[in-house]
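Just so it is clear, the structure is predicted and the values come from calculations on it, not from any experiment.
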Amino acid sequence: AAARVQGLSIQTPEWAWSGMVGQSGVRTDAPLGAVAKAYLEAVVQRVNRLDADLVLITGDLVDGSVRELGESVSPLKDLKARYGVYFTTGNHEYYSGVKPWLEFLPTLGVRVLRNERVAIEHKGAVLHLAGVDDHTASSFGREHGADYAKALGGLSPDQTVLLMAHQPVQVKDASSHGVDLMLSGHT
């Protein structure tokens, strides 16, 4: 199948953002198997042509181990975005052995957000980009699970927050923490 890439613009009072988000960037809930390298190369080329501010991958990138799929995922190292490439876990990363993936993705230039946020500044405006673990992650050990207070605590209502959370059901928890926009996959 041809790579499907779609741009998304997000308007905040301070800044018009452009980027690749969730299914728009690297398709979510289409986990990569061992023969997916050519497909991912095509996606990366199309994403890069968009000159995006951000590339956000909202989980379910893979369905297999780093040993099996590391080479297939290697085209991610070529993604270009003005303010970075970010990832948050989906359920398939947990099925596939999450710890090695959390260690491997940063070697490709992909910043993993696990119950944390980064402040991205542009011309004096700040976007708080947060990511939380997948909704089912807590069943894989005490060190896993979405922690909204950790990721979103301390923000004032006037601060713009974009949350990456793999499953849409996570909006119930996100809404009680002042999130302006939540991006998900798992559909």
Side-chain angles (χ1 to χ4, degrees), residues 1-10 17-116 118 120 129-137 139-141 144 146 162-168 170 182-187:
R4 179 177 161 232
V5 175
Q6 177 179 342
L8 173 66
S9 293
I10 300 170
W17 294 81
S18 67
M20 297 306 309
V21 181
Q23 219 167 335
S24 305
V26 175
R27 289 188 60 204
T28 59
D29 270 292
L32 296 175
V35 297
K37 185 174 182 180
Y39 172 82
L40 189 54
E41 287 170 341
V43 170
V44 167
Q45 289 174 4
R46 292 188 66 192
V47 168
N48 287 344
R49 282 195 291 264
L50 293 173
D51 191 32
D53 291 320
L54 295 167
V55 174
L56 307 179
I57 305 168
T58 58
D60 281 7
L61 174 65
V62 295
D63 201 4
S65 70
V66 171
R67 183 181 51 73
E68 296 167 324
L69 300 178
E71 180 60 27
S72 295
V73 175
S74 67
L76 292 178
K77 72 183 179 319
D78 296 322
L79 277 172
K80 306 277 188 271
R82 197 166 287 104
Y83 298 102
V85 178
Y86 296 88
F87 171 84
T88 193
T89 59
N91 51 306
H92 281 262
E93 282 76 39
Y94 285 93
Y95 303 152
S96 299
V98 73
K99 189 173 188 292
W101 283 110
L102 296 175
E103 295 167 353
F104 181 71
L105 289 173
T107 70
L108 302 176
V110 177
R111 168 86 187 263
V112 178
L113 294 178
R114 291 194 61 224
N115 302 318
E116 61 186 307
V118 295
I120 301 170
L129 175 64
V132 293
D133 284 353
D134 179 63
H135 180 67
T136 62
S139 64
F140 290 87
H144 299 284
L162 189 160
L163 175 67
M164 297 168 54
H166 177 62
Q167 295 194 38
Q170 292 178 269
M182 186 178 102
L183 299 170
S184 300
H186 198 72
T187 55

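Residues satisfying the salt bridge (charged side-chain N to carboxylate O under 4.0 Å, His left out) test with R111, not counting sequence neighbours, are E116. Looking at residues two or more places apart in sequence or on another chain, you find no salt bridge (charged side-chain N to carboxylate O under 4.0 Å, His left out) involving K80.
How far CD of Q45 is from CG of L79: 11.0 Å, rounded to the nearest 0.5 Å. Taking OH of Y86 as the reference point, atom CE of M164 lies at 9.5 Å (rounded to 0.5 Å). Taken from CZ in F104 to OG in S74, the straight-line distance is 7.0 Å, to the nearest 0.5 Å. To the nearest 0.5 Å, atoms OG1 (T136) and NE2 (H92) are separated by 9.5 Å.
Tested against W101 for a side chain to side chain contact (heavy atoms under 4.5 Å, CB included), the candidates V62, V110, T89, V112 yield a single pass: V62. Across L129, T88, L163, L56, a single residue satisfies side chain to side chain contact (heavy atoms under 4.5 Å, CB included) together with L183, and that is L56. Tested against S96, the residues D63, V66, D60, L69 include a single side chain to side chain contact (heavy atoms under 4.5 Å, CB included) partner, D63.
Residues L54 and I120 are in side-chain contact: their nearest non-hydrogen atoms beyond the backbone lie under 4.5 Å apart. The closest side-chain heavy-atom distance from V73 to L61 is below 4.5 Å. When side chains are defined from C-beta on, V132 counts as touching Q170, because their heavy atoms get closer than 4.5 Å. Residues D133 and V98 are not in side-chain contact: their nearest non-hydrogen atoms beyond the backbone lie 4.5 Å or more apart.
Under the 3.5 Å distance criterion, the side-chain polar atoms of H166 are left unmatched by any main-chain donor or acceptor of S184. E93 contributes a side-chain N or O that, together with a main-chain N or O of G90, makes up a donor-acceptor pair within less than 3.5 Å. Side chain of N48 to main chain of D78: a donor-acceptor pair is present (N/O by atom type, distance under 3.5 Å, no hydrogens or angles).
Ring-plane geometry between F140 and Y95 is classed as tilted, the angle between the planes lying from 30 to 60 degrees on a 0 to 90 degree scale.
Contact record, G64 with E68: CA-OE1, 3.4 Å, taken as the closest heavy-atom pair. The two residues P100 and G97 make their nearest non-hydrogen contact at CD-O, 3.2 Å. Residues Q167 and M182 come closest through the heavy atom pair O-CE, 3.7 Å.
The local environment of NZ in K77 is crowded, with over 12 non-hydrogen atoms from other residues, nucleotides or ligands closer than 6.0 Å.
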